[in-house]
J.: 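I'd like to ask some things about the structure below.
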Amino acid sequence: MSLSRWRDTGERFDFKGHSIFHHRHGAGAAALLLIHGFPTSSWDWEPIWPGLCAEFQHVLAPDLLGFGFSERPPGHRYSLIEQADLCEALLNRFGVTTVHLLAHDYGDSVAQELLARDLERGGSGLRIGSAVLLNGGLFPEAHRATGTQKLLKSPLGPLAARLMNERSFGRSFAKVFGPETRPSPIELHDFWQIVSQNDGRRALPRLLRYIDERRRQRERWVGALVHARMPLRLINGPADPVSGQHMADRYRELVPHPDVVLLPGIGHYPQVEAPDRTLRAILDFHRRRVAPAAAGG
């Protein structure tokens, strides 16, 4: 599906007075929630969207606040906690009582906050049935920010964001992909359209505050993985310089009974670089670990 068709076939809902774009398939009290990463959008899931919709009765994929086709409020102080609130509001809108998470990058941290809330609820209210996590900064001490991220997060960030253009963005963005799976010029153009939508460049320095938020919330969010009561799987592209093999190694060190699937040669965007292998790993997890767990009560 083209980016323009993805945009035209999406829906919107209001979150705290802000217009939030999302894609939805089906309906039902149980849903698969897809949470995208920085600096892109729900369109990251398009390569595996048909396969997910063929397997799951209800699938939801929002553009988080400040990303993609969702609103980018001027001067807004973005927070991963607020993005978790947004996800819960979307689930509540469609009557979801059991959610399975599929998250990537920035979305991993949103998922960790949702997992922490699930622990606090103790089985009441919204229930998280499982979580699949793709490459992302699950452990702040293992996250390796790109040079562009460091610049945008610095006092020079607003100026750097204004000066960013399609060429400089593409050059930096391509570096996080695997050496043999880097995006084509057409794909890079589409990613740039997403990032620059509604003057999105100006929001990047404020969105990047998530790096500091991860450090502040480390105990809570790492604890959510360590003490999770539902099946978890990490699908990791080890060639990723930001959160690749080193992040998978840290996951194995800290998470009890770690379920890790490595995709050799793949970088930061497994769902884009190796959609077939990523989809197989997701569906295998749900068939082998999630379905039996649900059947066992």
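Only heavy atoms go into these numbers, but all of them, side chains included; no hydrogens, no water, no symmetry mates.
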J.: Would you confirm whether T9, through its side chain, and R5, through its main-chain N or O, come within 3.5 Å as a donor-acceptor pair?
T.: yes
J.: Is there a donor-acceptor pair under 3.5 Å between the side chain of T98 and the backbone N or O of A30?
T.: no
J.: Under the salt bridge (Lys or Arg N to Asp or Glu O under 4.0 Å) definition, can you give me all pairs with a residue in residues 91-106, not counting sequence neighbours?
T.: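 Listed once each, the pairs would be none.
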J.: Less than 4.5 Å apart, side chain to side chain, heavy atoms only: is that true for R167 and W192?
T.: no
J.: Distance-only, no hydrogens or angles: does the R201 side chain make a donor-acceptor pair with backbone N or O of N165 under 3.5 Å?
T.: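 No.
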J.: Indicate whether any N or O donor in one side chain lies under 3.5 Å from an N or O acceptor in the other, for Q245 and D249.
T.: yes
J.: Which atom names give the shortest non-hydrogen contact between Y251 and V260, and what distance separates them?
T.: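 Scanning both residues completely, I find the closest heavy atoms to be CD2-CG2, 3.6 Å.
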J.: Output yes when R220 and E113 qualify as a salt bridge under the 4.0 Å nitrogen-oxygen rule, no when they do not.
T.: yes
J.: Determine, for E82 against R77, whether the closest basic-nitrogen to carboxylate-oxygen distance falls under 4.0 angstrom.
T.: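 Looking at R77 together with E82, the answer is no, because their closest N to O distance does not fall below 4.0 Å.
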J.: Hey, is the main chain of D63 close enough, under 3.5 Å, to the side chain of H36 for a donor-acceptor pair?
T.: no
J.: Under 4.0 Å between a side-chain nitrogen and a carboxylate oxygen: does that hold for R117 and E120?
T.: no
J.: Could you check whether any side-chain heavy atom of W49 comes within less than 4.5 Å of a side-chain heavy atom of L34, counting everything from C-beta outward?
T.: yes
J.: Is there a side-chain contact between H76 and H18, using heavy atoms and a 4.5 Å cut-off?
T.: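 The answer is yes, as the side chains (C-beta and beyond) meet within the 4.5 Å cut-off.
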J.: My understanding is that only residues two or more places apart in sequence, or in another chain, count here; which of them pass salt bridge (Lys or Arg N to Asp or Glu O under 4.0 Å) with E46?
T.: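 Scan of E46 (salt bridge (Lys or Arg N to Asp or Glu O under 4.0 Å), adjacent residues dropped) gives none.
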J.: Tell me whether R12 is salt-bridged to E71, with the criterion being a basic N under 4.0 Å from an acidic carboxylate O.
T.: no
J.: Could you measure the distance from the CD1 atom of I194 to the CZ atom of F69? Nearest 0.5 Å is fine.
T.: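 The distance works out to 6.0 Å.
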J.: Determine whether a donor-acceptor pair (N or O, by modelled atom type, separation under 3.5 Å) exists between the side chain of R72 and the backbone of Q197.
T.: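 Confirmed, R72 side chain pairs with Q197 backbone.
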J.: Can you tell me if E55 uses its side chain to pair, donor with acceptor, with the backbone of L283 under 3.5 Å?
T.: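 Answer holds: no.
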J.: Tell me if the centroids of the rings in H100 and F56 come within less than 6.0 Å of each other.
T.: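 No, they do not, as the ring centres are separated by 6.0 Å or more.
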J.: Kindly work out whether a path of hydrophobic side-chain contacts (I/L/V/M/F/W/Y, heavy atoms less than 4.5 Å apart) joins L115 to I81.
T.: yes
J.: What ring pair (Phe, Tyr, Trp, His ring centres under 6.0 Å) pairs are there with at least one residue in residues 127-154, not counting sequence neighbours?
T.: none
J.: With a 4.5 Å heavy-atom cut-off, do I266 and R277 have their side chains touching?
T.: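 They are in contact (side-chain heavy atoms under 4.5 Å apart), so the answer is yes.
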J.: So, T278 side chain and P275 main chain: donor-acceptor pair closer than 3.5 Å or not?
T.: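 Pair absent, no side-chain N/O of T278 close to backbone of P275.
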J.: Is D212 paired with R209 through a side-chain N to carboxylate O contact shorter than 4.0 Å?
T.: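 Result for this pair is no, no salt bridge flagged.
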J.: Enumerate donor-acceptor pairs with a distance under 3.5 Å from any side-chain N or O in residues 171-181 to protein atoms, sequence neighbours excluded.
T.:
residue	atom	partner	partner atom	Å
S172	OG	T148	OG1	2.7
T181	OG1	G178	N	3.4
T181	OG1	E273	OE1	2.4

J.: Once side chain to side chain donor-acceptor pair (under 3.5 Å) is applied, what residue pairs with a partner in residues 228-237 remain, sequence neighbours excluded?
T.: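 Applying side chain to side chain donor-acceptor pair (under 3.5 Å) to every pair that reaches into residues 228-237, excluding sequence neighbours, yields D118-R229, R233-D259, R233-D284.
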J.: Do I186 and Y269 belong together in a cluster built from hydrophobic side chains that touch within less than 4.5 Å?
T.: no
J.: With rounding to the nearest 0.5 angstrom, report the CG to SG distance, L65 to C87.
T.: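 The SG atom of C87 is 11.0 Å from CG of L65, to the nearest 0.5 Å.
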J.: Which residue pairs pass the ring pair (Phe, Tyr, Trp, His ring centres under 6.0 Å) test when at least one of the two sits in residues 194-220, sequence neighbours left out?
T.: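 Found F38-Y210, Y106-Y210.
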